[in-house]
Amino acid sequence: MANESANETARNIGPVILLGPPGAGKGTQSKQIVDRYGVPQISTGDLLRDHVGRGTELGLEAKAIMARGELVPDELMYGIVATRLREADCQRGFVLDGFPRTAAQAGWLDAFLEKEVFDNRSDKREKCPPVVIQLLVDYTQLLLRLTGRRSCPTCGRLYNIHSQPPLVDELCDVDGSKLVIRDDDRESVISGRLAAYETQTRRVADYYRAQRRLVAIHADRPMAEVTAQIFGVIGRRFQGGCQ
Ligand code: AP5
């Protein structure tokens with residue numbers, strides 16, 4: 001078992017894109033991929049919230065947009081994603097959580113990977129195009145997940161008061177911190193986020209479907225079952241040449 005796990009964390013898994021509406025479980029499942037394969041999670045929502053928290057120029061611009069549940073303009077996203085993808089820990093692969101979110105972002109990502117990732121590889125291994133996994137969850141379940149979400153401000157662990165409550169009400173199991181509700185998990189903002197998904201992000205699924213790269217899975221199942229489906233999809237890519 002220890003050997004199997006060591007093998008997984010040495011593998012080149014390439015880019016993995018988790019696509020899905022707010023509350024579909026992108027963050028939850030990204031953490032499982034991180035644990036198994038030892039590649040970083042790149043959550044554009046977390047990157048933006050970090051900028052908002054630090055009060056950077058980008059953060060000041062993004063704050064009001066995020067508070068309305070709308071998408072931050074594509075041009076503002078490219079710089080932070082490019083900077084993060086150029087970091088050394090992304091070499092064996094990475095999980096994109098929340099990016100791309102528009103068809104333009106998907107096109108930008110393809111061009112970026114081609115130019116800056118695949119062409120620069122010194123080891124001449126097979127290039128691994130992104131595995132794109134779409135998490136399908138129905139609307140009622142999404143609402144329950146978003147309104148019930150709590151997170152630890154210290155360690156980032158996610159909870160849900162309906163499906164995954166902490167052992168002690170409102171306190172993190174790991175470090176005892178008081179759990180917080182995300183600003184945009186208020187019902188008035190959730191409707192805007194779901195609308196942005198319908199009008200802009202669904203097209204990203206169409207983009208990858210047309211390239212025959214989209215794998216849709218039933219993400220309304222219990223977390224461990226969803227994880228097993230995702231590991232199955234990633235595992236199949238090794239049979240396609242990525243090692
Ligand atoms: P972002 O932070 O990306 O939020 P999101 O896409 O709305 O997704 P969430 O984080 O809400 O949900 P999730 O799918 O990760 O679900 P989770 O695992 O937490 O974006 C925030 C904002 O930033 C955007 O609105 C936009 O303004 C901006 N932004 C970000 N990226 C951008 C981009 N590329 N371009 C432009 N703007 C951008 O799970 C949710 C809950 O469900 C948790 O409580 C969890 O415990 C529970 N749960 C998970 N799986 C299960 C399961 N199988 N069964 C039961 N409960 C489950």
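Quick note: numbers below take in every heavy atom, side chains included, and nothing from hydrogens, waters or symmetry partners. This structure is a prediction, so every number in the text was calculated from the model and none was measured.
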Report yes if the side chains of [X] and [Y] come closer than 4.5 Å at any heavy-atom pair, otherwise no.
X: Lys31; Y: Gln41; answer: yes
X: Arg84; Y: Pro40; answer: yes
X: Ser43; Y: Ser30; answer: no
X: Met77; Y: Leu58; answer: no

Distance (rounded to the nearest 0.5 Å) between [X] [atom1] and [Y] [atom2]:
X: Gln141; Y: Arg221; atom1: CD; atom2: CZ; answer: 11.0 Å
X: Ile161; Y: Leu179; atom1: CD1; atom2: CG; answer: 10.5 Å
X: Tyr208; Y: Gln134; atom1: OH; atom2: CD; answer: 12.0 Å
X: Met223; Y: Gln32; atom1: CE; atom2: CD; answer: 9.0 Å
X: Ile217; Y: Gln29; atom1: CD1; atom2: CD; answer: 7.0 Å
X: Arg86; Y: Phe112; atom1: CZ; atom2: CZ; answer: 4.5 Å

Any chance you could lay out the side chain to side chain contact (heavy atoms under 4.5 Å, CB included) test for Ile13 and Ile33, step after step, and finish with the verdict? CA-CA 10 Å; Ile13 76 161; Ile33 300 172; 4.3 Å; yes

The side chain to side chain contact (heavy atoms under 4.5 Å, CB included) partner of Glu187 among Leu143, Leu146, Thr147 is Thr147

Single-linkage hydrophobic cluster [X]~[Y], side-chain heavy atoms < 4.5 angstrom:
X: Met66; Y: Val81; value: yes
X: Leu47; Y: Phe94; value: yes
X: Ile80; Y: Leu71; value: no
X: Ile133; Y: Val137; value: no
X: Leu144; Y: Leu142; value: no

Any idea which heavy atoms bring [X] and [Y] closest together, and the distance?
X: Ala62; Y: Leu48; answer: CB-CD2, 4.2 Å
X: Ala219; Y: Leu135; answer: CB-CB, 3.6 Å
X: Gly235; Y: Tyr37; answer: N-OH, 4.4 Å
X: Pro130; Y: Ile17; answer: CB-CD1, 3.8 Å
X: Lys26; Y: Leu19; answer: CD-C, 4.3 Å
X: Leu194; Y: Pro22; answer: CD2-CD, 3.9 Å

How about [atom1] on [X], more than 12 heavy atoms from neighbouring residues, nucleotides or ligands closer than 6.0 Å, or not?
X: Asp183; atom1: CG; answer: no
X: Glu61; atom1: CD; answer: no
X: Glu198; atom1: CD; answer: yes
X: Lys63; atom1: NZ; answer: no

Please check this pair: side chain of Asp173 against backbone of Leu167, looking for a donor-acceptor N/O pair closer than 3.5 Å. yes

Arg92 side chain to Arg11 main-chain N or O, any donor-acceptor pair under 3.5 Å? yes

Side chain to side chain contact (heavy atoms under 4.5 Å, CB included), that's the test. Do Cys152 and Asp175 meet it? Break it down for me. CA-CA 9 Å; Cys152 173; Asp175 52 43; 3.4 Å; yes

Could you walk me through whether Ile42 and Phe99 pass side chain to side chain contact (heavy atoms under 4.5 Å, CB included), step by step? CA-CA 8 Å; Ile42 299 172; Phe99 189 93; over 6 Å; no

Would Asp206 and Arg203 satisfy salt bridge (charged side-chain N to carboxylate O under 4.0 Å, His left out), going step by step from the backbone distance to the final call? CA-CA 5 Å; Asp206 298 338; Arg203 288 183 206 158; over 6 Å; no

Where do Val226 and Thr28 land on the side chain to side chain contact (heavy atoms under 4.5 Å, CB included) test, with the steps shown first? CA-CA 10 Å; Val226 179; Thr28 302; over 6 Å; no

Just grab all the side chain to side chain donor-acceptor pair (under 3.5 Å) pairs involving residues 150-169, residues at least two apart or on different chains. Thr154-Ser177

Whether Trp108 and Tyr78 hold their rings parallel, tilted or perpendicular, with breakpoints at 30° and 60°: parallel

Check ion pair [X]-[Y] (N to O, under 4.0 angstrom):
X: Arg54; Y: Asp50; answer: yes
X: Arg49; Y: Asp46; answer: yes
X: Asp185; Y: Arg145; answer: no

